Amino acid sequence: MSSPVIQRPKGTQDILPAQSHQWFGLLATASAVLEAANYTRIDTPIFEATSLFERGVGDSTDIVNKEMYSFEKEGRSITLRPEGTAGVVRAYIEQGLHRSPKPVRLYYAGAMFRYERPQEGRQRQFHQFGSELLGLDTPQADAEVILQAMAVLKALKIEGVELHLNTVGTPEDRVRFREALKAVLAPHLPELCEDCQRRFEQNPIRMLDCKVPTCKTLYDGGAVETFLRTFDWSAEAQESFKTLCGILDKLNVAYTVNRRMVRGLDYYTGTVFELTSNQLGAQSAVCGGGRYNRLVETLGGPETPAIGWAMGVERLMKLATIAEPPALDFYIVTNQPAEAFALAEQLRSKGASVEVDLTHKPFGKQLAQADKRKAVNAVILGDAEVIKKQVEVKNLASGVQSAFSTTAFLASLK
RNA sequence: GCGGUUGUAGCCAAGUGGUUAAGGCUCCGGUUUGUGGUACCGGUAUUCGUGGGUUCAAUUCCCAUCAGCCGCCCCA
């Protein structure tokens with residue numbers, strides 16, 4: 001009797017051989033875009049002190065409230081990271097990166113964990129690719145980061161991407177906005193959905209994102225619409241947002257200003273943005289980001305403005321076009337393993353990909369394997385060839401086979 | 001956390017309250033043990049996600065549970 005099969009935990013995925021080329025190719029392509037802009041990769045631990053996320057991401061967010069994988073170990077509360085920025089900022093402070101020349105440009109990639117109900121494009125263990133630009137509070141920095149995100153999507157040949165932009169103002173603005181919004185919404189509270197009533201206390205700004213028709217209708221027109229249009233943002237925030245839009249206009253980058261787009265993490269200030277794809281289902285956001293001018297301070301570092309974004313790798317996988325893996329150059333058909341290994345090593349040192357048949361089966365069988373592996377050439381190295389210091393090289397597409405002396409064959413590869 | 005829906009081999013998939021659970025692809029073996037791709041032949045599910053119940057009898061009906069998917073919530 002065999003034991004029961006153990007299933008993978010809910011909301012996790014294996015990256016199988018059939019996908020791994022696309023998976024790592026995607027990460028390599030995205031990384032290359034950022035490296036080309038002088039961003040440097042940083043890798044931080046997958047788990048951190050729980051308080052890092054409570055303080056950093058914000059304890060009014062759903063992520064912190066109900067989605068964190070936390071556990072106690074020797075009296076310490078540890079949490080599997082639900083997002084990447086908090087850990088990067090922690091390292092920035094703790095490792096003294098804030099003393100390197102500003103701005104500091106970083107990117108990261110790795111697994112994140114949120115305890116949520118899985119569905120298409122949303123796993124419990126998922127992967128993000130993100131970038132952070134620390135030490136600059138200018139609309140030019142905002143533009144660099146947004147353009148960078150779009151460049152990554154372009155490099156991945158992702159079409160149908162839309163840029164949504166907004167500003168949530170300075171940190172002071174955000175507080176004022178929040179209170180003013182509550183004042184406007186308070187009279188309507190009884191008409192609103194349960195979620196909105198809850199949000200009213202916990203995170204009123206998120207109410208604007210509500211999808212319930214009755215709420216949506218209310219927020220779309222009348223007092224709320226007027227309020228959004230006429231809210232007295234600080235001159236600083238308005239000026240900065242205008243400059244950013246001006247840069248995008250000049251570059252003919254299409255965008256939509258969405259006054260109701262607010263993002264779920266508490267640390268955002270100023271510019272926020274999202275890139276969405278019309279080719280995904282309900283989880284249409286492929287990239288989300290924004291400015292977080294207070295986070296470094298909140299986590300105990302020097303006052304440091306910053307902006308960043310993150311992309312969902314699983315969602316990118318559904319959209320990206322990555323070149324096929326290169327074909328296998330040589331499949332060595334042999335009954336002389338020692339000779340075959342030596343030849344394989346020499347071929348590989350010249351950059352060729354080589355697989356050695358280890359089965360000792362008849363050459364017909366080995367050739368069939370060569371075919372199945374989609375090798376371009378079979379190299380036949382049997383007793384006769386070893387004696388003559390030769391190889392037979394057969395092009396599997398044409399069937400043409402010819403003999404070379406081993407040295408001539410290697411020399412021909414260059 | 002809520003609502004809906006699905007679950008037969010590695011993949012796709014037919015099927016029925018009652019002897020051996022179609023078929024296709026893949027894989028493995030053979031015809032062909034120093035020459036592949038085609039063709040032909042053969043093999044691979046003691047069992048229908050798992051557990052329990054109803055029944056003389058369940059893969060089929062019922063319940064629970066697990067997992068996938070869709071939507072809400074939230075977000076990448």
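Everything quoted here is computed from the prediction, not taken from an experiment. Letters go in sequence order (proteins before strands), and every chain restarts at 1.
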Extract from the structure each pairing of a protein N or O with an N or O of nucleotides 1-6 of chain B at less than 3.5 Å, listing the distance.
| unit_1 | atom_1 | unit_2 | atom_2 | d |
| --- | --- | --- | --- | --- |
| B:C2 | N4 | A:Arg117 | NH1 | 2.7 |

So, A:Tyr92 versus A:Glu132: side-chain donor-acceptor pair below 3.5 Å or not? no
Could you check whether A:Asn395 and A:Gln401, counting side-chain N and O atoms only, form a donor-acceptor pair closer than 3.5 Å? no
Round to a whole Å and report the spacing from [atom1] of [X] to [atom2] of [N].
X: A:Leu396; N: B:U38; atom1: CG; atom2: P; answer: 13 Å
X: A:Gln123; N: B:C74; atom1: CD; atom2: P; answer: 19 Å
X: A:Arg8; N: B:U50; atom1: CZ; atom2: P; answer: 17 Å
X: A:Asp14; N: B:G10; atom1: CG; atom2: C1'; answer: 14 Å
X: A:Asp357; N: B:U35; atom1: CG; atom2: C1'; answer: 13 Å
X: A:Arg124; N: B:C66; atom1: CZ; atom2: C1'; answer: 12 Å
X: A:Glu67; N: B:C73; atom1: CD; atom2: C1'; answer: 9 Å
X: A:Gln13; N: B:A67; atom1: CD; atom2: P; answer: 15 Å

Does [N] have a Watson-Crick or wobble partner in any strand here, with both distances under 3.5 angstrom, and which is it?
N: B:C27; result: B:G43
N: B:A21; result: none
N: B:G37; result: none
N: B:U16; result: none
N: B:A57; result: none
N: B:C72; result: B:G1
N: B:U50; result: B:A64

Does the base of B:U35 carry an N or O that pairs as donor and acceptor with the side chain of A:Gln401 under 3.5 Å? yes
Show every salt bridge (Lys or Arg N to Asp or Glu O under 4.0 Å) that has at least one partner inside residues 284-299 of chain A, sequence neighbours left out.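 Only A:Asp137-A:Arg291, A:Asp142-A:Arg291, A:Glu172-A:Arg294, A:Arg294-A:Glu297 qualify under salt bridge (Lys or Arg N to Asp or Glu O under 4.0 Å).
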Looking at [Y], is its backbone amide N or carbonyl O close enough to the side chain of [X] to form a donor-acceptor pair, meaning the two atoms are under 3.5 Å apart?
X: A:Arg348; Y: A:Ala352; value: no
X: A:Glu314; Y: A:His127; value: yes
X: A:Thr50; Y: A:Ser77; value: yes
X: A:Glu83; Y: A:Ala86; value: yes

Which residue lies more 5' along RNA chain B, comparing A:Lys318 with A:Gly399 via nearest heavy atoms: A:Gly399
Closest-nucleotide 5' rank along RNA chain B - winner of A:Gly382 and A:Pro118: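 Per heavy-atom nearest nucleotide, the more 5' residue is A:Gly382.
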With heavy atoms under 4.0 Å as the rule, sort [X] into base, sugar-phosphate or nothing.
X: A:Asp383; value: base
X: A:Ala310; value: sugar-phosphate
X: A:Leu316; value: nothing
X: A:Ala397; value: base

May I ask you to list the residues of [range], by number, that have any heavy atom positioned under 4.0 Å from an atom of RNA chain B?
range: residues 146-158 of chain A; result: none
range: residues 26-49 of chain A; result: none
range: residues 336-343 of chain A; result: none

Tell me whether the OP1 or OP2 atom of B:U35 has a side-chain N or O from A:Lys394 closer than 4.0 Å.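 Negative; the distance criterion is not met.
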Could you tell me the separation between the OG atom of A:Ser412 and the CZ atom of A:Phe404, rounded to the nearest 0.5 Å?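 Between A:Ser412 OG and A:Phe404 CZ, I get 6.0 Å after rounding to 0.5 Å.
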How long is the span from the CZ atom in A:Arg81 to the CE atom in A:Met68, to the nearest 0.5 Å? 14.5 Å
Below 6.0 angstrom between ring centroids: does that apply to A:Phe409 and A:Phe330?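 So the answer is yes for these two rings.
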Would you call A:Glu144-A:Arg105 a salt bridge at under 4.0 Å N-O? yes
Taking the basic N atoms (NZ, or NE/NH1/NH2) and the acidic carboxylate oxygens, is any pair closer than 4.0 Å for A:Glu116 and A:Arg124? no
Under 3.5 Å donor-acceptor pairs involving side-chain atoms of residues 15-26 of chain A, not counting sequence neighbours:
| unit_1 | atom_1 | unit_2 | atom_2 | d |
| --- | --- | --- | --- | --- |
| A:Gln19 | OE1 | A:Leu16 | N | 3.4 |
| A:Ser20 | OG | A:Pro17 | O | 3.3 |
| A:His21 | ND1 | A:Ala323 | O | 3.3 |
| A:Gln22 | NE2 | A:Met317 | O | 3.4 |
| A:Gln22 | NE2 | A:Ala320 | O | 3.2 |

Considering only side-chain heavy atoms of A:Lys10, which listed nucleotide, B:G36, B:A67, B:U35, is closest? B:A67
Can you tell me which nucleotide in B:G34, B:G71, B:G68 comes closest to the side chain of A:Phe363? B:G34
Of all residues at least two apart in sequence or in a different chain, which pass the ring-ring contact (aromatic ring centres under 6.0 Å, His included) check with A:Phe47? none
ring-ring contact (aromatic ring centres under 6.0 Å, His included) with A:Phe231: which residues, sequence neighbours excluded? A:Phe177, A:Phe227, A:Trp233
For atom NZ of A:Lys154, decide whether the heavy atoms of other residues, nucleotides or ligands shown that lie under 6.0 angstrom number more than 12.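 It does not: A:Lys154 NZ has 12 such atoms or fewer within range.
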Write down the atom of A:Ala327, the atom of A:Ser353, and the distance for their closest heavy-atom approach. O-OG, 3.5 Å
All pairs passing side-chain hydrogen bond (donor to acceptor under 3.5 Å, both in side chains) where residues 356-375 of chain A contributes a residue, at least two apart: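 Residue pairs passing side-chain hydrogen bond (donor to acceptor under 3.5 Å, both in side chains), neighbours aside: A:Tyr331-A:Asp357, A:Glu355-A:Arg373, A:Asp357-A:Thr359, A:Gln369-A:Arg373.
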Hey, does the Lys NZ or Arg CZ of A:Arg114 hover above the aromatic six-ring of A:Tyr69, less than 6.0 Å from the centre and inside 45° of the axis?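 Judged by the rule (NZ or CZ under 6.0 Å from the ring centre, within 45° of its axis), A:Arg114 is not positioned above A:Tyr69.
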Pull out every protein N or O sitting under 3.5 Å from an N or O of nucleotides 27-29 of chain B, one pair per line with the distance.
| unit_1 | atom_1 | unit_2 | atom_2 | d |
| --- | --- | --- | --- | --- |
| B:C28 | OP2 | A:Lys372 | NZ | 3.1 |
| B:G29 | OP1 | A:Lys361 | NZ | 2.7 |

Please tabulate, one pair per line, each protein N/O and nucleotide N/O from nucleotides 42-44 of chain B that are separated by under 3.5 Å, including the distance.
none

Quick one: list whatever passes side chain to side chain donor-acceptor pair (under 3.5 Å) with A:Arg259, sequence neighbours left out.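 Counting only residues at least two positions away or on another chain, A:Arg259 forms a side chain to side chain donor-acceptor pair (under 3.5 Å) with A:Asn166.
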Do A:Ile42 and A:Tyr107 pass the side-chain contact (heavy atoms from CB on, under 4.5 Å) test, and can you show the C-alpha distance, the side-chain angles, and the key distance before you say yes or no? CA-CA 6 Å; A:Ile42 181 168; A:Tyr107 75 95; over 6 Å; no
